[in-house]
Amino acid sequence: ERISLQCSHLLPHLFSYVVLFFFWAGLSIRSNQEEEPVDPQLMRLDNMLLAEGVAGPEKGGGSAAAAAAAAASGGVSPDNSIEHSDYRNKLAQIRQIYHTELEKYEQACNEFTTHVMNLLREQSRTRPISPKEIERMVNIIHRKFSSIQMQLKQSTCEAVMILRSRFLDARRKRRNFSKQATEVLNEYFYSHLSNPYPSEEAKEELAKKCGITISQVSNWFGNKRIRYKKNIGKFQEEANIYAVKTAVSATQGTHSGTDSPTTPTSAGT
DNA sequence: AATAATGATTGATT
DNA sequence: AATCAATCATTATT
């Protein structure tokens, strides 16, 4: 939305501005650095747009771009099916705007160039104009237009960044774990209450059991530890529930992998 | 609508 | 590198 807002009223100004400046002021163009510095910022923008699939192939690169984006995000989101379609929709929207705007610029640039050429031809009747001068003229025009293009690219990048932070940030689409998953996690936590620090292997097993990632298991235990410690009273009930659970399973002799079910930290009730 | 619960992130610490 | 503590942003509950 922001792109079109910024660019729609730019072209008329550009036309009048450049015409007045370069022709009525006398055609004396001295600053003709032939060097193209290949602006590093422009390179950055181009690379990002390409990586994001905005500037790439028109239709074929959609899934590849999404995969690249997912990979770049760190692979934190395990279930990317429904959320991603929305994201890809918005991205395609941005891409469409970008391409139409870019095409508009291209066309305007060509039109303007031919216009300028005509004017130059007209002037060449009264005054000799070297082809070098014409070339310089065209260069200037193209530079002007490419700077406008860079603005477009920049605002497109901005939009993509906003979109990503809006959709790929896991905080914004948080789902609670399933009841059985929290069941499993709590069972482990309260049966290892004296040392609630699962090893990498244990984490892996828990993750597999709960259908979540290892880092999610780590997050859960981190949160659980700190929140349990913060006020143990609030968790007494829960602790008792899972204590009797493990006690029952211990008496039934399912397996001998658990700590002593008695709470070591002054269990009151 | 207020409030609690909860998963994720961030910066410091060890 | 793992964890703590604080915090954010969403979801569940009252």
Side-chain angles (χ1 to χ4, degrees), chain A residues 1-2 44 48 51-53 65-94 157-246 257-269:
Chain A
E1 59 273 341
R2 198 167 162 184
R44 223 157 39 79
M48 180 186 163
E52 222 59 52
S73 79
V76 187
S77 52
D79 56 322
N80 40 6
S81 55
I82 306 168
E83 326 282 348
H84 256 42
S85 70
D86 205 355
Y87 172 77
R88 293 207 321 188
N89 271 345
K90 300 270 188 192
L91 190 68
Q93 203 173 320
I94 289 179
C157 273
E158 234 176 81
V160 170
M161 289 300 239
I162 289 170
L163 183 70
R164 284 188 62 154
S165 69
R166 199 106 177 83
F167 278 80
L168 265 49
D169 191 353
R171 276 190 298 196
R172 302 209 180 239
K173 291 259 181 182
R174 181 173 69 74
R175 302 281 112 166
N176 289 354
F177 296 156
S178 69
K179 199 65 186 167
Q180 37 191 334
T182 53
E183 192 98 351
V184 170
L185 293 167
N186 273 318
E187 201 169 320
Y188 188 98
F189 180 78
Y190 287 112
S191 62
H192 298 72
L193 199 54
S194 58
N195 185 35
Y197 295 86
S199 63
E200 272 307 313
E201 196 174 275
K203 280 181 188 174
E204 204 170 331
E205 279 213 20
L206 286 170
K208 195 170 289 183
K209 265 190 174 182
C210 299
I212 59 180
T213 68
I214 292 178
S215 50
Q216 281 178 307
V217 173
S218 298
N219 286 339
W220 191 91
F221 273 89
N223 283 322
K224 192 69 180 182
R225 271 183 245 117
I226 194 69
R227 282 162 182 166
Y228 180 84
K229 193 182 78 174
K230 194 119 172 93
N231 56 352
I232 299 174
K234 290 293 182 204
F235 289 91
Q236 268 314 325
E237 192 181 352
E238 200 177 55
N240 289 335
I241 290 173
Y242 285 99
V244 301
K245 263 192 193 207
T246 58
T258 58
D259 262 1
S260 62
T262 60
T263 58
T265 56
S266 70
T269 63

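Within every chain, numbering begins at 1; the chains are lettered A, B, ... in the order of the sequence lines, protein sequences first and strands thereafter.
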A.B. asks: Under the side chain to side chain contact (heavy atoms under 4.5 Å, CB included) test, which residues partner A:Gln180, sequence neighbours left out?
C.D. replies: A:Ser178
A.B. asks: Between atom CG in A:Asn219 and atom P in B:dA8, what is the gap in whole Å?
C.D. replies: 5 Å
A.B. asks: Round to the nearest Å and state the distance from A:Arg175 atom CZ to C:dA9 atom P.
C.D. replies: 17 Å
A.B. asks: What pairs of nitrogen or oxygen atoms, one from the protein and one from nucleotides 3-5 of chain C, lie under 3.5 Å apart?
C.D. replies:
residue	atom	partner	partner atom	Å
C:dT3	OP2	A:Lys203	NZ	3.1
C:dC4	OP1	A:Tyr197	OH	2.2
C:dC4	OP2	A:Arg225	NH1	2.2
C:dA5	OP1	A:Lys229	NZ	3.0
C:dA5	OP2	A:Lys229	NZ	2.5

A.B. asks: Could you tell me which residues satisfy side chain to side chain contact (heavy atoms under 4.5 Å, CB included) with A:Cys157, sequence neighbours excluded, listed by chain and number?
C.D. replies: A:Leu45, A:Met48, A:Leu49
A.B. asks: Are the ring centres of A:Tyr190 and A:Phe235 closer than 6.0 Å?
C.D. replies: no
A.B. asks: Would you confirm whether the ring centroid of A:Tyr228 sits within less than 6.0 angstrom of the ring centroid of A:Phe189?
C.D. replies: yes
A.B. asks: Got A:Asn240 and A:Glu238 here, is their nearest side-chain heavy-atom distance under 4.5 Å?
C.D. replies: no
A.B. asks: For residues 197-207 of chain A, which side-chain N or O atoms pair as donor and acceptor with protein atoms under 3.5 Å away, sequence neighbours left out?
C.D. replies:
residue	atom	partner	partner atom	Å
A:Ser199	OG	A:Ala202	N	3.2
A:Lys203	NZ	A:Ser218	OG	3.1

A.B. asks: Return the minimal non-hydrogen interatomic distance between A:Cys210 and A:Ala181, and the atom names on each side.
C.D. replies: SG-O, 3.6 Å
A.B. asks: Quick check: closest heavy atoms across A:Phe177 and A:Leu185, and the distance to 0.1 Å?
C.D. replies: CD1-CD1, 4.2 Å
A.B. asks: Check whether any side-chain N or O of A:Gln216 sits under 4.0 Å from OP1 or OP2 of B:dG7, and answer yes or no.
C.D. replies: no
A.B. asks: Can you check nucleotides 3-6 of chain B for protein contacts, nitrogen or oxygen pairs under 3.5 Å, and list what you find?
C.D. replies:
residue	atom	partner	partner atom	Å
B:dT6	O2	A:Arg174	NE	3.1
B:dT6	O2	A:Arg174	NH1	3.4
B:dT6	O2	A:Arg174	NH2	2.8

A.B. asks: Under a 4.5 Å cut-off applied to non-hydrogen side-chain atoms, are A:Thr213 and A:Gln216 in contact?
C.D. replies: yes
A.B. asks: What I want to check is whether the side chains of A:Asn223 and A:Arg225 have a donor and an acceptor closer together than 3.5 Å.
C.D. replies: no
A.B. asks: Anything under 3.5 Å between a protein N or O and an N or O of nucleotides 12-14 of chain B, put it in a table, one pair a line.
C.D. replies:
none

